[in-house]
Structure formats: structure tokens, C-alpha cells
2 protein chains.
Amino acid sequence: MVVHGLSDDDADRIFHALADRTRRDIVTRVLDAEQSVSDLAERYSMSFAAVQKHVAVLERAGLVRKVRRGREQIVHAGLDVIHQAKSLLESYEHLWRHRVARIDALLAENDTTRGD
Amino acid sequence: MVVHGLSDDDADRIFHALADRTRRDIVTRVLDAEQSVSDLAERYSMSFAAVQKHVAVLERAGLVRKVRRGREQIVHAGLDVIHQAKSLLESYEHLWRHRVARIDALLAENDTTRGD
DNA sequence: CCCATGTACAACCATCGAGTTGTACGTTAC
DNA sequence: GTAACGTACAACTCGATGGTTGTACATGGG
């Protein structure tokens, strides 16, 4: 039944990771082009270690992956997880639609039963 | 250009609100059927005040709205905001597609310029 | 009117999260 | 080999968060 395939823990990690503008910005940057951690760090007015931590949070959520290339660590986007998160929100919208449908059915039934 | 229409602050609040399983559960419940705050509070093994706080976090994010009915406060879903959040993630996927398209174009150009 | 109900809010506590600095380690270039 | 680069990680500070309890207030029913 769960189309998005996310556990509560998964969703916790994903939404928590997305709940920070720096991390969202990192996601957009690596979606646009893979970059090393230091490439990313240069862009923000905070320490390298801070950016490193942000990447780690994103990585734990599966939103990015790191791959060694020489002495650099290349960060690229975890598109599948982004898609899963989107699917979760989509399932919320579907929940709503089903509810509306149920109410419609109820009203229709009332109409027929009242039917005088 | 920003189709989802969310500021950084909006997105911070929305994703932070969604980053808690109790709050996500509340969202699904009120999507299924509007409920009073005490209706909701009965469902969880935590104090009324705690649930009240969770609802407040969701409300600040626009994910739910509260409407007085008698002495009860009825919680119902903020469908529009859920949709906006979904759109933001969708825009991430689009970013990816554009990048892929750009790379494809680059490769194609290389093919023609090399052209033997 | 009075009491139970439903809510609001403040104060408090423990934990977590974001940031810092400092140190250590592997890799590349010279 | 050694110096510079890129990264990893620990220790620390401090504010935010999730939970609690207690009190106050408005509303509806008998």
C-alpha cells in the first residue's frame, strides 16, 4: 500500500534534511552539477566542517551520495529519494481526494435514501 | 520562475513540521477527517499540551488550519501548502532533467565538432 | 449559576542541532 | 620526501525542540 516506500525513520531523516536552507541549496547545486565538498564549502559563509556536516545529514537521508575521486569527495544528487519524498506528499493529496470522494458518496446516498 | 511560491522561511517551516512522525500522522488524520485538538490528543500517548504544540507547529507551516466550533477547535488540512511542498520537490527533479539535457546537448555538440 | 469540557499558555527540563575550532590522516604535486 | 590540499572527526558552545506539569480562561449543558 505504501507506494513511496519510506519508513518513518526515512521520512524523519529526509524532511529534517530538507528543513534547512543551506542543505536545500546544496541539493540544488549538486542537482545542477556534481561538486566536491570543498567546492560546496567555498559557496557558503561558514566553516568547511559545517558544510561537511550538512552534506553528512543529506547523505544519511539519501538525498546525496559521495564518491571519492582522487583526494576529493564528489557529491551527487540522490534523485530516487527526492522522488520518494515527492511521492509521500502526493499520497497525502490522494488521501484528501479519497476523503472528498467518500463525502460525495455519503451525500449522494443521503439524497437517494431521503428520496421523496 | 518560482512555481511553488515558497520563501526559504516557508520551506524551513514546512519541512521542519513534516520532519516529525507525530506531526505527519496528524496531517494524515486531518486529511482523512477534520478533528478537534482533543480528538487528536486522545490518539497519542503524550500530553494534551504536547499535541497542541505539534498542531501549532503544523499551523505555523500552513499545513493545517484551526477553526473554532463551539468550545472546540477543529483542525483541518492545508492542502494548498502540501501541494506547494510537493511542487518544490518536483522542481528539484526538473532541475535534474535540465542538467541531463544540457549534458546531452554538450555530448551531441562534441560529436558534430569532432565530426569524422 | 456551576461544573465539566476544551483550549491556551507559561515555566521548566533534557536532548538535539548548527555552528565553531583544533587535530589528524590520506592523496597529489613538486 | 615533503608540503599543500581535501577530508574526517572530536570537543565544545549555545539556541531550538519535544516533552512535561500547572494554571488560567472561555464555552456549553443541566
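The model shown is predicted, which means the values in this text are computed figures rather than measured ones.
With hydrophobic clusters built from ILVMFWY side chains whose heavy atoms lie under 4.5 angstrom apart, A/L95 shares a cluster with A/L6. Residues A/V81 and A/V67 do not share a hydrophobic cluster, clusters being chains of Ile/Leu/Val/Met/Phe/Trp/Tyr side chains in contact below 4.5 Å.
Listed by chain and number, the residues in a side chain to side chain contact (heavy atoms under 4.5 Å, CB included) with B/L40 are B/I26, B/R29, B/V30, B/Q35, B/V51, B/V55, B/V75 (sequence neighbours excluded). The side chain to side chain contact (heavy atoms under 4.5 Å, CB included) test applied to A/A61 returns A/R13, A/I14, A/A17, A/L63, not counting sequence neighbours. Shown here are the side chain to side chain contact (heavy atoms under 4.5 Å, CB included) partners of A/S45, two or more places apart in sequence or in another chain: there are none.
Among pairs with a residue in residues 54-66 of chain B, those fulfilling side chain to side chain donor-acceptor pair (under 3.5 Å) read B/R23-B/H54, B/R65-B/D80, at least two apart in sequence or across chains. Sequence neighbours left out, not one pair with a member in residues 48-57 of chain B passes salt bridge (charged side-chain N to carboxylate O under 4.0 Å, His left out). Listed by first and then second residue, the salt bridge (charged side-chain N to carboxylate O under 4.0 Å, His left out) pairs involving residues 33-43 of chain B are A/R99-B/E34 (not counting sequence neighbours). Within the structure, salt bridge (charged side-chain N to carboxylate O under 4.0 Å, His left out) contacts touching residues 81-90 of chain A (residues at least two apart or in different chains) are A/K86-B/E90, A/K86-B/E93, A/E90-B/K86.
Put simply, the side chain of B/S7 gets close to the backbone of B/D10: a donor and an acceptor are under 3.5 Å apart.
DNA chain D is contacted by A/K53, A/K66 of residues 53-66 of chain A, taking any non-hydrogen atom closer than 4.0 Å. Within residues 8-45 of chain A, the residues approaching DNA chain D are A/S36, A/V37, A/S38, by heavy-atom distance under 4.0 Å.
Shortest non-hydrogen contact noted between A/F15 and A/L89 is CZ-CD2, 4.1 Å. The nearest pair of heavy atoms linking B/T28 to B/D25 is OG1-O, 2.6 Å.
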What does the list of N/O pairs under 3.5 Å between the protein and nucleotides 23-28 of chain C look like, with a distance for each?
from, atom 1, to, atom 2, distance (Å)
C/dT28, O2, A/R71, NH1, 3.4

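Each end of the helix from C/dC1-D/dG30 to C/dC30-D/dG1 yields a helix axis from five base pairs, and these two axes differ in direction by 30° (to the nearest 10 degrees).
Note: CD (B/Q73) to C1' (C/dT7) measures 7 Å, nearest angstrom. For the pair A/F48 CZ and C/dT21 C1', the computed distance is 14 Å after rounding to whole Å.
Within a 6.0 Å sphere centred on NE2 of B/H98, heavy atoms belonging to other residues, nucleotides or ligands number 12 at most. Counting heavy atoms of neighbouring residues, nucleotides and ligands inside a 6.0 Å radius, atom CZ of A/R68 exceeds 12 of them.
Boundaries of the chain B contact region on DNA chain D are D/dT17 to D/dG28, first to last in 5' to 3' order (nucleotide atom under 4.0 Å from a heavy atom).
One finds a side-chain N or O of A/S47 lying less than 4.0 angstrom from the OP1 or OP2 phosphate oxygen of C/dT20.
Using a 4.5 Å cut-off on side-chain heavy atoms (C-beta onward), B/I82 and B/L79 make contact.
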